[in-house]
2 protein chains.
Amino acid sequence: MPTIDDVAKLAGVSTATVSRVVNKNGNVTGKTGQRVLSAMQELNYYPNKFARGLAAKQADGLGVVIQDFADPYFGMVLRGIEKVAKTHNLQITVASANRSAKDELKAIEFLRQQSYNVIILTTSLLSDEELLKCSDQNLKLINMGHLYSAFQNDCIYLDDIEGGTLATNYLIEQGHSKIAHISFPMFYGALPERSLGYHLALEKAKLSHSDELFIQSADFGQLSALQATQELLKRAKPFTALFASTDIMAMGAHKALRQAGLKIPDDISIVGYDDIDTASFLYPALTTIRQPIQEMGMAAAHLAISYLKGQIDQEEVVRKFSPQLVIRESVKNLN
Amino acid sequence: MPTIDDVAKLAGVSTATVSRVVNKNGNVTGKTGQRVLSAMQELNYYPNKFARGLAAKQADGLGVVIQDFADPYFGMVLRGIEKVAKTHNLQITVASANRSAKDELKAIEFLRQQSYNVIILTTSLLSDEELLKCSDQNLKLINMGHLYSAFQNDCIYLDDIEGGTLATNYLIEQGHSKIAHISFPMFYGALPERSLGYHLALEKAKLSHSDELFIQSADFGQLSALQATQELLKRAKPFTALFASTDIMAMGAHKALRQAGLKIPDDISIVGYDDIDTASFLYPALTTIRQPIQEMGMAAAHLAISYLKGQIDQEEVVRKFSPQLVIRESVKNLN
DNA sequence: TTGTACGCGTTATCAC
DNA sequence: GTGATAACGCGTACAA
């Protein structure tokens, strides 16, 4: 591997000059610059990232912490992040926190040790305080998928209240009045915003909504959603529609319903959330709330890179995205 | 951040000694070693990866190239790799090749520039020659999911011929004789092994198998599988069962069948391949061939780390895994 | 067993 | 505008 010295010699300049043209700072004459550039080309020179990191005390790569590699939601997030990272020739180092706040903190610490100064998080499990404690002048945290009030400017998020409302309203429009909802776990006591949207929509429509129609799943998996749905069924409070907080959970719920002998959408209608790739291939195809997950991942990456390199205008990156109802086959019109 | 100098001073030794205990090489007295260890603890010292990489000319991390972040298969692979990387405190840098041989080569080159000396690949699109050209004494390539004859010892793979046979035989046992098969694209002209298994099983059972019942999908996605199935249907060669080369493709096929007014499994039976997380939550639950994907990812990581650090016994890591039939609801017994 | 001193490839601060 | 040169933090001959 050629070094900066090799390039300098070949171009007949000093290493300092080479460094200047590589980093496009400092003032280099057009002529000299050209000589250096062609020398770089000829030798196929790439700066050594270790030497660079040592001198700059900065990794030029993105640290990313996701929750579960096998969950398609995070797959879409990574797709988006990788796409823009690639155009900037940045490596991305990924760690999984497995939905555990403790592991999340560990992963951040690990990435920090690896000299990453910008980390993209995908959490909603940490508190503002915990996050605040992590970030300092040497560590910029970007979060995707949830708005933290202490990090307003560094969160890429969706209006989940609107999303929950959208789903619920659609069900109401279709003539449903007994609408159950299965949510993922609470964040340190607070109701997730999707569920808030559900409650708000019911109130606005002046529909009585009983606590018996609301349940929280133990985690984000299909199995827990299935169990939660069984519990819902056991309560014997009748409902004609079910709003699940994620598509994955909707799949679990669907299975529980089916096992109970119920047909979708004839007996029970279902609305999911996220619009993962498989949603349209389920049977029946899942009506759901679409998040532009990949775009949001890209936005997070843009923001991260703006902090890392400063060559992207922060004002231009969109932080807040809007949910969108995607109508398919899992809801029956009762009117 | 404390440096090796700080530790050395606090422990009253030289930096060389500290380095020795950090890397567990060289001979250090128990007493001295203890002093150093506690100094490290007290200062919360972690070696700077850049300085280390610069001196060692080696990244201590794993480079990984997958094909598609949003495909749960690769999610499971990453889950496995990350799990063991974490126990060794190794970062993993992931790039996606998007099923493109060209991008795969690019990704390898990129990772090489980043000084990764061990890269885990998940490809079957490259030729032996191309792979050979990439790897040299400075770059160790591990492949997962496909056996390359030029890299026998560095591939983690499943017996896919057996898998294809398993699927087909099960269908035959259930009384099916007209069995269609939808495969993913060929690897530079060679029939994928899963498909080979299908052909072999049919031959062995002395079932006439027409080319009209075999089709190759344009890619690995659901949509292409759907289109391939439509094409299959158009041929008007009747079949009662369909074997799809992946679960994802089975989902696409299912949708096409359904759109044609066919019921699963009453009219057509389906067998998939992989056993991704969602397979058991589909309706009907998908009968499939299980690959221990996560375990295979872990094996690949073990192998990679053995090359990186030499502290794992290479002989002990299992290279060849066995497929397993998982019976659920998508196959009808015709007997 | 332990310490000294240099090199790894780059950036940045000076001079010129 | 350009060139020396001193860091940056660590590993490792070599010496003691």
Side-chain angles (χ1 to χ4, degrees), chain A residues 1-37 39-40 43-61 89 91 112-117 138 308-310, chain B residues 1-37 39-40 43-61 89 91 112-117 138 308-310:
Chain A
M1 289 245 152
T3 71
I4 199 170
D5 274 300
D6 302 325
V7 179
K9 263 173 209 145
L10 182 60
V13 298
S14 73
T15 61
T17 301
V18 177
S19 176
R20 285 186 188 106
V21 339
V22 169
N23 298 297
K24 302 190 199 344
N25 56 3
N27 304 319
V28 180
T29 312
K31 273 188 193 171
T32 326
Q34 279 309 318
R35 275 221 313 287
V36 174
L37 247 19
M40 281 170 47
L43 295 174
N44 196 253
Y45 165 76
Y46 288 95
N48 177 302
K49 79 163 173 181
F50 296 124
R52 190 177 249 193
L54 194 56
K57 292 168 175 297
Q58 256 233 17
D60 81 331
N89 249 282
Q91 53 148 288
R112 180 213 296 280
Q113 282 163 27
Q114 303 279 329
S115 309
Y116 287 95
N117 294 303
N138 285 318
L308 200 60
K309 303 198 163 190
Chain B
M1 287 243 154
T3 73
I4 200 171
D5 274 300
D6 301 326
V7 179
K9 263 173 210 145
L10 182 60
V13 297
S14 73
T15 60
T17 301
V18 177
S19 176
R20 286 185 188 105
V21 339
V22 169
N23 298 298
K24 302 191 200 342
N25 56 2
N27 304 318
V28 179
T29 313
K31 273 188 194 170
T32 326
Q34 279 310 318
R35 273 222 314 286
V36 173
L37 248 19
M40 281 170 49
L43 295 174
N44 195 255
Y45 167 75
Y46 289 94
N48 177 303
K49 80 165 174 182
F50 296 123
R52 185 179 253 195
L54 194 55
K57 291 168 176 297
Q58 257 232 18
D60 80 332
N89 247 283
Q91 52 149 288
R112 182 214 295 281
Q113 281 163 26
Q114 303 278 330
S115 307
Y116 287 96
N117 294 302
N138 284 318
L308 201 60
K309 302 200 163 187

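Letters go in sequence order (proteins before strands), and every chain restarts at 1. What you see below is based on every heavy atom in this structure, not just the backbone, and it leaves out hydrogens, waters and symmetry mates. Remember, predicted model here, so these are calculated numbers, not experimental data.
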| query | Quick one: A/Asp60 CG to C/dT10 P, roughly how many Å, whole number? | reply | 13 Å

| said: Without decimals, in angstroms, what is the distance between B/Asp5 CG and C/dG3 P? | reply: 13 Å

| said: Does B/Thr29 reach a base, just sugar-phosphate, or nothing at all? Heavy atoms under 4.0 Å. | reply: sugar-phosphate

| query | Tell me: OH of A/Tyr46 to P of C/dT10, nearest whole Å? | reply | 14 Å

| Pair A/Arg52-A/Asn23, side-chain contact (heavy atoms from CB on, under 4.5 Å): steps then yes or no | CA-CA 11 Å; A/Arg52 190 177 249 193; A/Asn23 298 297; 3.3 Å; yes

| query | Between C/dC14, D/dC14, D/dC8, which nucleotide gets closest to the side-chain atoms of B/Arg20? | reply | D/dC14

| field | Side chain of A/Arg52 (C-beta onward), nearest among C/dT13, D/dG1, C/dT10 | value | C/dT10

| Picking from C/dC8, D/dT12, C/dG9, which would you name as closest to the side chain of A/Thr3? | C/dG9

| Step-by-step side-chain contact (heavy atoms from CB on, under 4.5 Å) determination, B/Asn48 to B/Thr3 | CA-CA 8 Å; B/Asn48 177 303; B/Thr3 73; over 6 Å; no

| query | C/dT4 C1' sits how many Å from B/Lys9 NZ, rounded? | reply | 15 Å

| Starting at the 5' end of DNA chain C and moving along, which residue's nearest nucleotide shows up first, B/Ala55 or B/Thr32? | B/Thr32

| message | What is the separation between atom NZ on A/Lys49 and atom C1' on C/dC8, rounded to the nearest whole Å? | response | 15 Å

| task | Have a look at B/Val22 and say if it touches a base, only the backbone sugar-phosphate, or nothing, with a 4.0 Å heavy-atom cut-off. | result | nothing

| With respect to the side chain of A/Ser14, which nucleotide from C/dG9, D/dG3, D/dG11 is positioned closest? | D/dG3

| Separation of B/Ser115 OG from A/Tyr46 OH (nearest 0.5 Å) | 13.5 Å

| message | With rounding to the nearest 0.5 angstrom, report the CG to CE distance, A/Leu10 to A/Met40. | response | 11.5 Å

| Yes or no on side-chain contact (heavy atoms from CB on, under 4.5 Å) for B/Asn138 and B/Lys57, after CA distance, side-chain angles and deciding distance? | CA-CA 10 Å; B/Asn138 284 318; B/Lys57 291 168 176 297; over 6 Å; no

| Could you go step by step and tell me if A/Arg20 and A/Val36 meet the side-chain contact (heavy atoms from CB on, under 4.5 Å) rule? | CA-CA 10 Å; A/Arg20 285 186 188 106; A/Val36 174; over 6 Å; no

| What is the distance, rounded to the nearest whole Å, between atom CG of A/Asn23 and atom P of C/dG9? | 17 Å

| request: For B/Ala16, report the nucleic acid contact type (base, sugar-phosphate, nothing); a contact means any heavy atom under 4.0 Å. | output: base

| Distance in Å, B/Phe50 CZ paired with A/Gln58 CD, rounded so as to fall on 0.5 Å steps | 8.5 Å

| message | Closest approach to the side chain of A/Lys57, judged atom by atom: which nucleotide of D/dC8, D/dC10, C/dG9 is it? | response | D/dC8

| Could you state the CZ-P distance from A/Phe50 to C/dT10, rounded to the nearest angstrom? | 12 Å

| Spacing of A/Met1 atom CE and B/Gln113 atom CD [to the nearest 0.5 Å] | 6.5 Å

| query | With a non-hydrogen cut-off below 4.0 angstrom, is B/Val18 in contact with a base, only sugar-phosphate, or nothing? | reply | nothing

| task | Determine to 10° how strongly the helix from C/dT1-D/dA16 to C/dC16-D/dG1 is bent, judged from the axes of its five-pair ends. | result | 30°

| Out of C/dT11, D/dG3, D/dC10, which nucleotide sits closest to the side chain of A/Val13? | D/dG3

| query | Which whole-number value in Å describes the distance from A/Asn48 CG to D/dC10 P? | reply | 16 Å

| task | Look at the side-chain N and O atoms of B/Thr17 and state whether any lies under 4.0 Å from the OP1 or OP2 oxygen of C/dT2. | result | no

